[in-house]
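Right, one structure below, let's go through it.
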Amino acid sequence: MIIKKVVELIESDQVLQDYKVNGWVRAFRSNRFIALNDGSCLENLQCVVDFENTDDEVLKKITTGAAISVSGTLKESEGKGQSVELEVKSIDILGEAHPEDVKKTILQPKKHSFEKLREQAHLRVRTNTFGAVMRMRSKLSFAVHQYFNDNGFYYVNTPIVTGSDAEGAGEMFKVTNLDLKNPPKTEDGEIDFSQDFFGKETNLTVSGQLEAETYALGLGKVYTFGPTFRAENSNTTRHLAEFWMIEPEVAFCDLEGNIDLAEDFIQYVLKYITEHCKSDLEFLENRLLEEEKSKPEKDRSPMPLREKIDFVLKNNFKRVSYTEAIDILRNSKPNKKKKFNYIIEEWGADLQSEHERYLVEKHFGCPVVIYDYPADIKAFYMRLNDDGKTVRAMDVLFPGIGEIAGGSQREERYDVLLSKMREIGIDEKELWWYLDTRKFGTCVHSGFGLGFERLVLFATGMSNIRDVIPYPRSPQNAEF
RNA sequence: UCCUCCUUAGCUCAGUUGGUUAGAGCAUCUGACUGUUAAUCAGAGGGUCCAAAGUUCGAGUCUUUGAGGAGGAGCCA
């Protein structure tokens, strides 16, 4: 007997052949129709049981959630709603699921809130929505590697435990195996990290960028794609304490090249999923349309999901300097009418998310790249412009998501970098290796960091970042 | 961390100015039916109204505190 996945049978025209399929029961209707799902695709395989010639004990165990193995003949479906169905000859119950227990879980076939699904994150992947989201997450992840591989990038695994806290990207989680109840102390009462596992204070990485830079200055084009940790007390739909970040870093590449790369990369991976996740996308689009029916008109998305993705594929990202952006905002209606919570008055102000949203969603109506930010509001490693007050930074802003990627041309001049570090109090002894790269064959180079979950958020149309990662880690939540 | 809102059956939610025995749909159980698409029909069971304290003759409803959750803001990806 040939064992097949549901996706293979649904797309098959090899009817009248016998197959075996393993999967989980989604529904058992009329004592006759099993909706079988094995995760290989959104669709269920309809398995038609000859209930008059099947043991009652077996029939009773065909319940929602049960794992079963069915063998039978693939036929054109007699009913509507599917093109093929499996005429069952034998059924093995592999793992039972008792209805009295199932009714307490999100497996029971009905609508559940995303909050409830989060509480049962170990079961939520068995729902249509999470099956679709997680298949798309996987495809997107593959597309990321495909893009970089095809474009001459090398995949670099930067360390997850880092010895420096000078990166300044956010609060960090400490890594230690000291006895927390009784840590060794130095003479002046501080914790003595020289006795810790690594002989120094260590943290979980907030970015692989600095290490990636050193590899770009040897391999040419590199990227990282790994877990990243921020101990910020952020409680939003766009933040996680543990998330996956993609960080390309390219030698001999300036900011324009960096923006080109970001745009080309994002368009490539989105195009990939429109071609490889058709039914999942269609399902998620319909789910969203259904959900939006209950919303007031003004809160509805102007475009269905697939149209929104297509729009990003077909239109260039609007590139605008920080200075131009400030002018637009200063002259905007919400600014003049004081509708913004933070009124833009002077050059140098940090853009709040309400401003970013205005630019992306109201003014331009497309993804926007803002570049050449004031040096004062950006990180120390960004290349200082000749004007002495702006740096070669860029943020990619997406509708509904905000900042999806942020990057810069890196400061490649040793003296400028060193004085900047001293100015803001970063210990140059900690980053001696980073400074070293500016001494030995330094060159123009650039890169950016892109939050993978934010990409998945956009591609799936989901609204909470906790619903696009299997087990979200956020403040007060590390269940599972 | 700040602001706002929420917590009633397994789930989603009603619950009137504070007044008898707290309701509905779905799910579950029992039975019927069998080409169904979240199958349908009939009946049954199912509640520490998030927790504690308070006001009151009387609290699901009002007050205070706490816990958990959601949305927005900040920080950022």
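Naming: A, B, ... by sequence-line order, numbering from 1 per chain.
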5' precedence on RNA chain B between Ile377(A) and Thr105(A) (nearest-nucleotide basis): Thr105(A)
5'-most by nearest nucleotide on RNA chain B - Lys104(A) or Pro475(A): Lys104(A)
With respect to the side chain of [X], which nucleotide from [options] is positioned closest?
X: Arg29(A); options: rA39(B), rA77(B), rG68(B); answer: rA39(B)
X: Gln108(A); options: rC11(B), rC75(B), rU36(B); answer: rC11(B)
X: Gln82(A); options: rU36(B), rU1(B), rA73(B); answer: rU36(B)
X: Glu115(A); options: rA70(B), rG35(B), rU1(B); answer: rA70(B)

Do any N or O atoms of the protein come closer than 3.5 Å to N or O atoms of nucleotides 65-67 of chain B, and which pairs are they?
none

Intra- and interstrand pairs of RNA chain B - dot-bracket, Watson-Crick/G-U under 3.5 Å, | marks other strand: (((((((..((((.....[...)))).(((((.......))))).....(((((..]....))))))))))))....
Rounded interatomic separation in angstrom, taking [atom1] from [X] and [atom2] from [N]:
X: Lys378(A); N: rC75(B); atom1: NZ; atom2: P; answer: 11 Å
X: Tyr342(A); N: rG72(B); atom1: OH; atom2: P; answer: 16 Å
X: Leu117(A); N: rG10(B); atom1: CG; atom2: P; answer: 18 Å
X: Ile469(A); N: rA77(B); atom1: CD1; atom2: C1'; answer: 12 Å

side-chain hydrogen bond (donor to acceptor under 3.5 Å, both in side chains): pairs with one or both residues in residues 279-288 of chain A, sequence neighbours excluded: Glu43(A)-Ser279(A), Arg135(A)-Asp280(A), Glu285(A)-Arg306(A), Arg287(A)-Glu291(A)
Pairs involving residues 24-43 of chain A, ordered by first then second residue, that meet ring pair (Phe, Tyr, Trp, His ring centres under 6.0 Å) (sequence neighbours left out): none
So, OP1 or OP2 of [N]: does either fall under 4.0 Å of a side-chain N or O from [X]?
X: Lys116(A); N: rC11(B); result: yes
X: Arg454(A); N: rC76(B); result: no
X: Ser113(A); N: rU12(B); result: yes
X: Arg26(A); N: rU37(B); result: no
X: Asn235(A); N: rU1(B); result: no

Sugar-phosphate, base or nothing in reach of Thr237(A), heavy atoms under 4.0 Å: sugar-phosphate
Sugar-phosphate, base or nothing in reach of Gly449(A), heavy atoms under 4.0 Å: sugar-phosphate
Taking atom [atom1] in both [N] and [M], what distance in whole Å separates the two?
N: rU21(B); M: rU17(B); atom1: C1'; result: 22 Å
N: rG74(B); M: rA38(B); atom1: P; result: 42 Å
N: rG15(B); M: rU55(B); atom1: P; result: 29 Å
N: rU64(B); M: rA27(B); atom1: P; result: 41 Å
N: rU65(B); M: rG47(B); atom1: P; result: 33 Å
N: rG46(B); M: rG10(B); atom1: P; result: 12 Å
N: rC29(B); M: rA70(B); atom1: C1'; result: 34 Å
N: rU16(B); M: rA22(B); atom1: P; result: 15 Å

Any N or O donor-acceptor pair under 3.5 Å from the base of [N] to the side chain of [X]?
X: Glu85(A); N: rG35(B); result: yes
X: Asn31(A); N: rU36(B); result: no
X: His112(A); N: rC11(B); result: no
X: Ser234(A); N: rC76(B); result: no

Sugar-phosphate or base contact per nucleotide [nucleotides 40-47 of chain B; S, B, -; heavy atom under 4.0 Å]: -----B--
From CA spacing to verdict: side-chain hydrogen bond (donor to acceptor under 3.5 Å, both in side chains), Glu213(A), Tyr381(A): CA-CA 11 Å; Glu213(A) 276 188 53; Tyr381(A) 48 73; over 6 Å; no
Residues in side-chain contact (heavy atoms from CB on, under 4.5 Å) contact with Phe173(A), at least two apart in sequence or another chain: Leu204(A), Phe229(A), Ala231(A), Ala241(A)
For Arg118(A), side-chain contact (heavy atoms from CB on, under 4.5 Å) partners two or more places apart: Phe114(A), Glu115(A), Arg124(A), Asn464(A), Arg466(A), Asp467(A)
Neighbours of RNA chain B within residues 37-52 of chain A, by heavy-atom distance under 4.0 Å: Gln46(A), Phe51(A)
Interface with RNA chain B, restricted to residues 347-374 of chain A and to heavy atoms under 4.0 Å: Gln352(A), Ser353(A), Arg357(A)
Every protein N/O within reach of nucleotides 29-31 of chain B N/O, cut-off under 3.5 Å:
none

Can you check nucleotides 4-6 of chain B for protein contacts, nitrogen or oxygen pairs under 3.5 Å, and list what you find?
none

rA77(B) pyrimidine/purine six-ring stacking with Phe243(A), under 5.5 Å and 30°: yes
Audit row: Glu256(A), Arg392(A), salt bridge (charged side-chain N to carboxylate O under 4.0 Å, His left out) steps and yes/no: CA-CA 9 Å; Glu256(A) 282 69 36; Arg392(A) 303 244 73 194; 3.4 Å; yes
Centroid-centroid distance, Phe225(A) to His145(A), less than 6.0 Å: yes
Side-chain donor-acceptor pairs under 3.5 Å in residues 357-368 of chain A, sequence neighbours left out?
unit_1	atom_1	unit_2	atom_2	d
Glu361(A)	OE2	Gly400(A)	N	2.9

